[in-house]
Amino acid sequence: MKLIIGLDGQSTGEKALDFAKTVAATSSGCELIVVYVIEWSPFSFHSAEENARRHKRREEEIQIARERVLEPALASLAKEGLTARGIVRHGDVADTIDNIAHAEGATQIIVARTGTGGLSKHIFGSSTANLVMNARVPVTVVA
């Protein structure tokens, strides 16, 4: 069994992690992949100089996401004796999580819902609905 855990960088991600821990504990050899997607629109036109700055900013955002979101989540899973790895990507949240799940051969996607605004609204508001409706593998939304 291979599970994708979509995190939003907020405390609600703990709910998804906790649920994934429970599922993994009941499945021998379960692999966990923690995913964090940075919302990013590819539909911008820039000069070569702007593209270089944009690329640098993207790399910085990925590093910050790894340090602040993925590493603590992976450490939490490892503490429970679970095998896990992390992926950070830029893009549309629902599409990116679905594409990662499909490419990895995942059997399930786990995300947490939240009622807050800002980034988490984009990730686990309408993005959750889009993910549930369009994902190629089953999606569990943890309340």
Side-chain angles (χ1 to χ4, degrees), residues 1-27 29-47 50-143:
M1 174 178 281
K2 189 180 289 192
L3 305 177
I4 300 293
I5 308 163
L7 298 183
D8 65 353
Q10 304 295 320
S11 60
T12 53
E14 290 296 319
K15 293 177 183 178
L17 277 176
D18 289 343
F19 184 78
K21 288 175 187 177
T22 301
V23 172
T26 63
S27 304
C30 185
E31 181 182 353
L32 302 173
I33 303 171
V34 180
V35 176
Y36 180 76
V37 180
I38 302 165
E39 191 77 38
W40 188 271
S41 172
F43 304 109
S44 300
F45 298 97
H46 299 286
S47 67
E50 289 170 318
N51 282 336
R53 282 195 306 266
R54 188 175 186 195
H55 177 73
K56 182 179 180 193
R57 189 170 67 246
R58 282 177 58 147
E59 294 304 314
E60 290 169 351
E61 289 174 345
I62 288 172
Q63 185 59 36
I64 289 168
R66 285 191 188 287
E67 292 171 1
R68 294 184 184 171
V69 179
L70 283 187
E71 289 175 9
L74 293 172
S76 172
L77 294 166
K79 186 176 177 181
E80 301 288 326
L82 299 169
T83 302
R85 61 188 167 92
I87 299 173
V88 178
R89 295 279 191 274
H90 281 91
D92 175 81
V93 175
D95 289 343
T96 303
I97 291 174
D98 179 52
N99 287 336
I100 290 170
H102 184 69
E104 293 285 343
T107 52
Q108 183 177 8
I109 299 169
I110 300 170
V111 294
R113 96 177 149 80
T114 178
T116 62
L119 179 62
S120 55
K121 177 183 176 194
H122 289 291
I123 294 175
F124 295 111
S126 62
S127 293
T128 298
N130 288 335
L131 183 61
V132 168
M133 290 186 298
N134 298 306
R136 291 170 275 183
V137 301
V139 178
T140 298
V141 181
V142 182

**Asked** Name the one of Glu67, Glu59, Arg66 that satisfies side-chain hydrogen bond (donor to acceptor under 3.5 Å, both in side chains) with Gln63?
**Response**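 Result for side-chain hydrogen bond (donor to acceptor under 3.5 Å, both in side chains) with Gln63: Glu67.
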**Item:** Pairwise side-chain contact, Gln10 with Val69, heavy-atom cut-off 4.5 Å (strictly under)
**Value:** no
**Asked** Heavy atoms, side chains only, cut-off 4.5 Å: are Leu32 and Thr83 in contact?
**Response** no
From [atom1] ([X]) to [atom2] ([Y]), nearest 0.5 Å:
{"X": "Ile109", "Y": "Ile5", "atom1": "CD1", "atom2": "CD1", "value": "11.5 Å"}
{"X": "Leu17", "Y": "Thr22", "atom1": "CG", "atom2": "OG1", "value": "11.0 Å"}
{"X": "His90", "Y": "Glu39", "atom1": "NE2", "atom2": "CD", "value": "10.5 Å"}
{"X": "Leu82", "Y": "Lys21", "atom1": "CG", "atom2": "NZ", "value": "8.0 Å"}
{"X": "Ile97", "Y": "Ile110", "atom1": "CD1", "atom2": "CD1", "value": "12.0 Å"}

Provide the closest heavy-atom pair for [X] versus [Y] in the form atom of the first, atom of the second, distance.
{"X": "Val88", "Y": "Ala65", "value": "CG1-CB, 4.0 Å"}
{"X": "Met1", "Y": "Ser27", "value": "SD-OG, 3.7 Å"}
{"X": "Ile38", "Y": "Ile62", "value": "CD1-N, 4.0 Å"}
{"X": "Gly13", "Y": "Asp8", "value": "N-OD1, 3.7 Å"}
{"X": "Val93", "Y": "Val37", "value": "CA-CG1, 3.8 Å"}
{"X": "Leu77", "Y": "Ala84", "value": "CD1-CB, 3.7 Å"}

Using modelled atom types only, decide if a donor and an acceptor are shared between the side chain of [X] and the backbone of [Y] within a distance under 3.5 Å.
{"X": "Thr107", "Y": "Lys2", "result": "yes"}
{"X": "Asp98", "Y": "Leu131", "result": "no"}
{"X": "Ser76", "Y": "Pro72", "result": "no"}

**Message:** Within the supplied structure, the quantity of interest is the number of heavy atoms (other residues, nucleotides, ligands) at a distance under 6.0 Å from Arg68 CZ; does it exceed 12?
**Reply:** no
**Prompt:** What salt bridge (charged side-chain N to carboxylate O under 4.0 Å, His left out) pairs are there with at least one residue in residues 78-91, not counting sequence neighbours?
**Reply:**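 Residue pairs passing salt bridge (charged side-chain N to carboxylate O under 4.0 Å, His left out), neighbours aside: Glu31-Arg85, Arg85-Glu104.
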**Request:** Using side-chain contact (heavy atoms from CB on, under 4.5 Å) as the criterion, point out the one residue from Val111, Leu7, Leu70, Ile4 that pairs with Val35.
**Result:** Ile4
